[in-house]
2 protein chains.
Amino acid sequence: MGRNKEINQVVKEERRERILLGALELFALNGLAGTKIGDIAKHTEMSNGLVYHYFSSKEEIFVELIRTALDKMIEACRFLEKMDLPPHTKIRFAIDELVKTIRTKPETSLYHLLITQAAASVSVPAGAKEQLSTKRSIPYDIIAEILLSGQKLGTIRKGKPEDLAFFFWNNINGIAMHQVMYGRKASCPHLEPLYCMFFTQENENG
Amino acid sequence: MGRNKEINQVVKEERRERILLGALELFALNGLAGTKIGDIAKHTEMSNGLVYHYFSSKEEIFVELIRTALDKMIEACRFLEKMDLPPHTKIRFAIDELVKTIRTKPETSLYHLLITQAAASVSVPAGAKEQLSTKRSIPYDIIAEILLSGQKLGTIRKGKPEDLAFFFWNNINGIAMHQVMYGRKASCPHLEPLYCMFFTQENENG
DNA sequence: GTCTATATCCAGATAGAC
DNA sequence: GTCTATCTGGATATAGAC
């Protein structure tokens with residue numbers, strides 16, 4: 001009894017996840033307005049109505065995805081922040097790790113794409129706007145902070161840390177987009193040029 | 001008579017331009033599906049019906065904008081290609097000039113955004129797909145070619161030219177997006193980190 | 001929980017007056 | 001050329017059978 005309820009709960013959770021994952025692919029590629037509920041239903045092999053059994057509206061799905069995307073990114077950044085490594089190693093690690101995740105876990109690229117898109121768009125649901133305005137800057141701030149420490153040690157190039165952080169995320173997003181567009185077909189670009197952006201010379205070849 | 005016809009022709013052309021410019025802003029920010037004909041009409045202070053007097057469909061407007069965007073970009077690249085400058089100077093010039101245009105002519109950023117968005121999207125009209133598939137790679141190829149010449153002269157960092165060209169455009173697009181999002185409020189990021197991506201050391205400080 | 005059928009609404013596009 | 005009114009289709013969301 002209580003038993004069955006638990007199991008049902010799990011099944012229900014699973015279905016939700018399926019819908020979210022399917023919707024993520026579609027939203028990331030076609031945007032909120034460009035994705036019909038019917039598309040999501042078809043893509044997850046459910047009926048139209050069933051989607052509405054799990055979510056009360058298309059926007060709700062979208063907002064939940066935005067929330068998840070932002071939370072995952074922030075979590076990764078906080079983890080990075082706490083690592084016991086010199087700043088320039090943290091940055092290198094962050095680049096390598098982000099790119100590895102992008103290449104191996106497809107939904108990662110989609111999350112990046114989704115956030116980038118949503119952040120640039122005006123006609124985004126209020127709930128998503130709220131998430132974005134409170135959380136979007138955090139990864140930028142954390143990277144900027146690490147870069148600043150590195151600059152003090154002379155291992156990171158000079159320049160406004162916020163500017164460098166901007167380039168950092170910009171390139172990560174671009175790589176994610178590249179991955180989504182060309183997938184396994186084209187190989188991921190080599191990352192040396194990216195390192196060069198951030199590391200001072202002595203450090204660069206190390 | 002022939003006189004009046006000419007004048008009318010000019011007025012008509014002007015209206016078309018107004019619609020295109022207004023639509024560009026909306027498409028770039030909200031995508032094709034996220035932009036209603038009514039939005040375009042309101043934004044250009046025309047009636048719904050009048051928009052249809054100049055264009056036969058929403059998609060037609062979109063495709064024309066994509067075409068224009070690609071053609072402008074290609075034209076600028078060809079101009080760059082033909083300049084009588086050493087490769088690394090061409091690259092520096094290209095970055096400076098692109099960023100200057102992005103900062104001073106607002107529609108430029110919107111064009112960049114529009115193309116990036118459309119290229120990533122699946123649900124784009126056939127006409128736009130066609131434009132993209134025949135033209136999108138040209139700016140990448142031209143920049144890669146210039147970078148390759150520079151590599152032969154030792155003024156451009158080594159690495160696959162296509163990869164470097166990818167980063168080149170990726171950062172330009174990111175700056176365009178930044179400009180659209182924060183406009184005049186936030187100042188444009190400093191470009192030194194970008195130069196570092198492409199130039200060899202001796203050259204970098206020159 | 002899951003489906004089909006449907007009510008409702010909204011947006012693309014057209015018709016026709018001025 | 002420009003507008004308003006309207007047709008029409010399609011998409012969101014709901015109702016109700018199973």
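Each chain gets a letter, A, B and so on, in the order the sequences are listed, and its residues count up from 1.
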Whole-Å gap separating P (D:dG1) and CZ (B:F55)
14 Å
In whole angstrom, give the distance that lies between atom CD1 of A:I40 and atom P of D:dA11.
13 Å
If you only use heavy atoms from C-beta on, which nucleotide in D:dT2, C:dG1, D:dC3 is closest to the side chain of B:H53?
D:dT2
Spell out, as yes or no, whether a donor-acceptor pair under 3.5 Å connects the side chain of A:S149 to the backbone of A:E145.
yes
If you draw the axis of the six-membered ring of A:F199, does the NZ or CZ of A:R157 fall within 45° of it and under 6.0 Å from the ring centre?
no
From NZ of A:K36 over to P of C:dA11, roughly how many Å is that when rounded to an integer?
11 Å
Atom-to-atom span, CD1 of A:I61 to P of D:dA11 - whole angstrom
16 Å
Grab the NZ-P distance between A:K42 and D:dG10 for me, whole Å please.
12 Å
B:W169 and B:Y140 aromatic ring geometry - parallel, tilted or perpendicular at 30°/60° bounds:
tilted
Which nucleotide in the list D:dT12, C:dG12, C:dT4 gets nearest to the side chain of B:K58?
C:dG12
Rounded interatomic separation in angstrom, taking CG from A:L50 and C1' from D:dA13:
14 Å
Select one nucleotide: of D:dA13, C:dT2, D:dT2, the one nearest the side-chain heavy atoms of A:S57.
D:dA13
side-chain N/O A:Y52 vs D:dT14 OP1/OP2, d < 4.0 Å:
no
Please determine, for the side chain of A:S47, which listed nucleotide (C:dC3, D:dG1, C:dT2) has the closest atom?
C:dC3
Would you kindly say whether A:N30 and A:T35 are connected by a side-chain donor-acceptor distance under 3.5 Å?
no
Calculate the interatomic distance between A:E60 atom CD and D:dT14 atom P; express it in whole Å.
11 Å
Side-chain donor-acceptor pair under 3.5 Å between A:N170 and B:N170, yes or no?
no
With respect to the side chain of A:I37, which nucleotide from D:dT12, C:dA11, D:dT2 is positioned closest?
D:dT12
Calculate the interatomic distance between A:L26 atom CG and D:dA11 atom C1'; express it in whole Å.
15 Å
Using a 4.0 Å heavy-atom cut-off across all strands, classify A:Y54 as base, sugar-phosphate, or nothing.
sugar-phosphate
